[in-house]
Amino acid sequence: MKKISLQTRIQRSKKQMNSFDEEIAKAVAATGAFDAGQAKKLITVPADTEHGNFTLPCFSLARSLHKAPKLIAEELAPKIVLPTGLSKVEAVSGYLNFFIDRKFLANSILAEIDKEGLSYGHISPNGKTVCIDYSSPNIGKELAFHHLRSTMIGNSLSRIYKASGYKVERINHLGDWGTAFGKLIVMYLREKLPTDKKTLDALTVKELNVLYASFSKACEAEPGLEDEARTAFSKLESGDEFYRTLWTAFRAATLRELMRIYDMMGVSFDHYTGESFYEDKMPAVIEELRKKGLMVRSEERDVVMLDEFDLPPCLIRKSDGSTLYATRDLAAAIYRKKEYNFDKSLYVVDLGQALHFKQVFHVLKKMGRDWYTDMEHIPFGVILQQSEDGKWEKGKTRTGHAKLLRDVIEAAQAKILAFINEKNPDLENKEIIAREIGISAITFNDLKNHRLMDVKFDWDSALSFDGATGPYVQNAHVRLCSIMRKAGYDARIEDVDFALLTDESAYELIKTLTKKAERIRQACETDEPSVLAQYSLEIAEAAHKFIHDDRVLGSAEEKSRLFLVKSTQIVLEDVLNLLGLFPVRVM
RNA sequence: GCACUUGUAGCUCAGUUGGAUAGAGUGUCAGCCUCCGAAGUUGAAGGUCGCGAGUUCGACUCUCGCCAAGUGCACCA
């Protein structure tokens, strides 16, 4: 007797899985009522399970056939020869509803997860490169709470793109150049702080932050200070060695603290090419603009006019000759295209800068860089916190009242730790686990809704274990791990009887697992980590319900159910990874 | 003034790309642990999908016009 290899079986079932809609379309077309293309377009997944796994509305035929849709469906249903893997077709009020064979579904999906593991649902390399510019904080300031959004959205997107087959260049475009450094230098010298090497090497961000605050304060009494700062930056830009020494020290101090926090959050980058990196690449850009006659003199400044796009002019150089944000972004865009030859270049930056990016992209267009269409601003809303009078407000940076990210992380960790001490005091490494859960909770709170929504941050709901939260999703993962641990052996697909995984709870869970590839695709296409955050909730819910309804250990169905537990854990772990959450195994 | 973003249950939000009776969480009320983590689960109540037209068999979804809130709009980034 010939045995069909597992490999062949999987390939066969996978093919059938991915083309259910096509198979249905073909089967329907065989009746002569629809053509296959038309039918495939109409087939959707109904919201309600009662209406099957796939549905085909027949309303569009009503006119051409001069018949009620209800009748059309009823006449069609008995004529349809069901493709493999489908168990029945039903005609209900104008819809043709198709039902998948539960056993077949369980078999094909679990075999696929068994074979592909964590990368189930991923796409193999497509040879394309995407640059993702995220986090990009300003040097000299500590990471504030609102920097979290770009960091976490970008971190998640970089993982999602990698899972979608892209080569990803993760870029931290540090704000390490610009007038801000003029301010720091002015203040540093004004306060007569020591400038010997030892002192400079030991500088901390905290001290720099104090300098910023005192600069703002001093400005109120002495408005001329702003000009002084601009002059100082201009001097730095033109190569003053002493200023350069100070700048290097400021940068190094900030970077040390940044790295510490990124490590803690599990965030990393391939390139720390900040704005200063493009310092020597800007003259060529300016020269090109001049040569092409795009740069004009206006009110003492050099600008590129963008009237034809209904946009305000883009400033290239200030009246003192120093460069601006846009100049550096132009140089950076051109450098990245040359260096990485990207197919896509993303900028994860808050919504407030939409106009700036529009301008930069259009200047590139005028420069004849037709790849400007591959660049995309990925905007997001701000983080709001509730004030005493109940109003949602932005955290403010200028007044220095903004919450520091490290304080927020510490507070979250403490809160989770207190909870662990109450529920599970003997847990090993509980400080680290508490920190991972705390960071995940904050991250999840940030990613669970659409990017463009403002995040209304509320401690109690973000760190709660109930509802749509990070801890809730992690708890589901932990419970699955716990059952696997207690089983004491590794579940194998050879021991599974798929007929035992067809009850309502198991079926719903399996159906949820089938959606992974589609959700990753959707998250990537729309640059929306929230798609996967919502999906993780769906998985957690279905998993909770399954282990609530279907006893695993000690049951007659143990081996089959344990395998479903394992498969679910694998899917959930990867989704948590894609979101940038820590998939903890105990808590 | 112009541009962009957002309006869905008391509150915080989903809504599978135009499909069937608009769904979760939270809060309120009522259930479920001799049983793998109750950090869970079941149910009740809660709606003019901002307003008004249009497109069509069908609109929370697409188009247009209003209204409200937020954010940008030439020497910060």
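Order of the sequence lines sets the chain letters (A, B, ...), proteins ahead of strands, with each chain counted from 1.
Here A:Tyr535 does not reach the OP1 or OP2 of B:G15: none of its side-chain N or O atoms lies under 4.0 Å away. OP1 or OP2 of B:C75 has not a single side-chain nitrogen or oxygen of A:Arg230 nearer than 4.0 Å. Under 4.0 angstrom from either OP1 or OP2 of B:U5 there lies no side-chain N or O belonging to A:Arg451. Contact check, A:Arg328 against B:A77: a side-chain N or O comes under 4.0 Å of OP1 or OP2. Taking side-chain N and O atoms only, A:His544 has no distance below 4.0 Å to OP1 or OP2 of B:G40. Dashed line: the shortest gap from a side-chain N or O of A:Lys456 to OP1 or OP2 of B:U12 is under 4.0 Å. Put simply, A:Lys423 has no side-chain N or O that comes within less than 4.0 Å of OP1 or OP2 on B:A38.
In this structure, OH of A:Tyr95 is placed 12 Å from P of B:G58, rounded to the nearest angstrom. We find that OH of A:Tyr325 is positioned 14 Å from P of B:G72, with the value rounded to whole Å. Distance A:Leu315 CG to B:C73 P: 12 Å, rounded to the nearest Å. Separating the CG atom of A:Asp466 from the P atom of B:G25 is a distance of 11 Å, rounded to the nearest angstrom. One interatomic measurement links the two molecules: NE2 of A:His377 to C1' of B:U71, which rounds to 12 Å at whole-angstrom precision. In this structure, NE2 of A:His450 is placed 20 Å from P of B:C4, rounded to the nearest angstrom. When rounded to the nearest whole Å, the span between CG of A:Leu384 and C1' of B:U6 equals 12 Å. A:Lys41 has its NZ atom 14 Å from the P atom of B:G19, to the nearest Å.
A gap of 24 Å separates the P atoms of B:G65 and B:U71, to the nearest Å. Separating the C1' atom of B:C33 from that of B:G70 is a span of 48 Å, rounded to the nearest Å. For the P atom pair drawn from B:C62 and B:G46, the interatomic distance equals 30 Å after rounding to whole Å. Taking atom P in both B:G15 and B:A24, the straight-line distance is 15 Å, to the nearest Å. Taking atom C1' on both B:A14 and B:G25, the two are 10 Å apart, rounded to the nearest angstrom. Comparing the P positions of B:C75 and B:G50 gives a spacing of 39 Å, expressed to the nearest Å. B:U42 and B:C49 have their P atoms separated by 28 Å, with the value rounded to a whole Å. Comparing the P positions of B:G1 and B:G40 gives an interatomic distance of 50 Å, to the nearest angstrom.
Residue A:Ser298 is in base contact, counting any heavy-atom pair closer than 4.0 Å across all strands shown. Residue contacts shown for A:Val552 include a base, since a base heavy atom lies under 4.0 Å away. Within 4.0 Å of A:Asp454, counting heavy atoms only, lie sugar-phosphate atoms of the nucleic acid but no base atom. A:Val565 comes within 4.0 angstrom of nothing in the nucleic acid, heavy atoms only. A:Arg317 comes within 4.0 angstrom of nothing in the nucleic acid, heavy atoms only. Within 4.0 Å (heavy atoms only), A:Ala47 reaches at least one base atom of the nucleic acid. The residue A:Ala62 sits apart from the nucleic acid: no heavy atom pair falls under 4.0 Å. Residue A:Asp550 is classed as a base contact, given a heavy-atom separation below 4.0 Å to a base. When heavy atoms are screened at a 4.0 angstrom cut-off, A:Gln353 is found touching base atoms of the nucleic acid. If you check every strand for non-hydrogen atoms under 4.0 Å, A:Leu324 touches sugar and phosphate atoms only. At the heavy-atom level, A:Met453 lies under 4.0 Å from the strands shown only through sugar-phosphate atoms. A:Val92 comes within 4.0 angstrom of a base, heavy atoms only.
The aromatic ring of A:Phe59 stacks onto the base of B:G19, its centre lying under 5.5 Å from the centre of the six-membered base ring with the two planes under 30° apart. The ring of A:His356 does not lie on top of the base of B:A77; it is either too far (5.5 Å or more) or too tilted (30° or more).
Aromatic ring centres of A:His173 and A:Tyr347: separated by at least 6.0 Å. The distance between the ring centers of A:Phe98 and A:Phe20 does not fall below 6.0 angstrom.
Glycosidic conformation of B:C67 is anti; the angle lies outside 90° of 0. Annotated as syn: B:U17, whose glycosidic dihedral is within 90° of 0.
Mapping A:Arg519 and A:Pro313 onto RNA chain B by nearest heavy atom places A:Arg519 closer to the 5' end of the strand. For A:Leu355 and A:Asn138, each mapped to the nucleotide of RNA chain B holding its nearest heavy atom, the one lying further toward the 5' end belongs to A:Leu355.
Relative orientation of the A:Trp177 and A:Phe233 rings is perpendicular, given thresholds of 30° and 60° on the angle between their planes. Ring geometry, A:His362 versus A:Phe309: the interplanar angle falls from 30° to 60°, so the pair is classed tilted. Ring-plane geometry between A:Tyr325 and A:His356 is classed as parallel, the angle between the planes falling under 30 degrees on a 0 to 90 degree scale with a further cut at 60. Under the 30°/60° scheme for interplanar angles, the aromatic rings of A:Phe457 and A:Trp459 are found to stand perpendicular.
Checked against B:A24, B:A77, B:U42, the side chain of A:Lys545 finds its nearest nucleotide in B:U42. For A:Trp392, counting side-chain heavy atoms from C-beta on, the closest listed nucleotide (B:U6, B:C36, B:U12) is B:U12. Distances from the side chain of A:Lys394 to the nucleotides B:C36, B:A20, B:U71 place B:U71 closest. In the set B:C76, B:A20, B:C36, B:C76 carries the atom at the smallest distance from any side-chain atom of A:Lys318.
Atoms CD1 and NZ, from A:Ile185 and A:Lys235 in turn, are 9.0 Å apart once rounded to the nearest 0.5 Å.
Defined by atom type and a distance below 3.5 Å, a donor-acceptor pair is present between the side-chain atoms of A:Thr55 and A:Asn97. A:Lys430 and A:Asn421 are linked by a side-chain donor-acceptor pair at a separation below 3.5 angstrom, with hydrogens and angles left out of the test.
Because its NZ or CZ atom is both nearer than 6.0 Å to the ring centre of A:Tyr212 and within 45° of the ring axis, A:Lys141 counts as a cation-pi partner of that residue.
For CZ of A:Arg297, the number of neighbouring non-hydrogen atoms (other residues, nucleotides, ligands) closer than 6.0 Å is greater than 12.
The closest side-chain heavy-atom distance from A:Lys448 to A:Leu537 is not below 4.5 Å.
Checked by distance alone, A:Asn97 brings a side-chain donor or acceptor within 3.5 Å of a matching partner on the base of B:A20. Judged by distance alone with a 3.5 Å cut-off, a donor-acceptor contact links the side chain of A:Thr55 to the base of B:A20. In terms of polar N and O atoms assigned as donor or acceptor, the side chain of A:Thr179 never comes within less than 3.5 Å of the base of B:A77 in a complementary pairing.
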Canonical and wobble pairing (Watson-Crick, G-U, under 3.5 Å) of RNA chain B, dot-bracket with |: (((((((..((((.....[...)))).(((((.......))))).....(((((..]....))))))))))))....

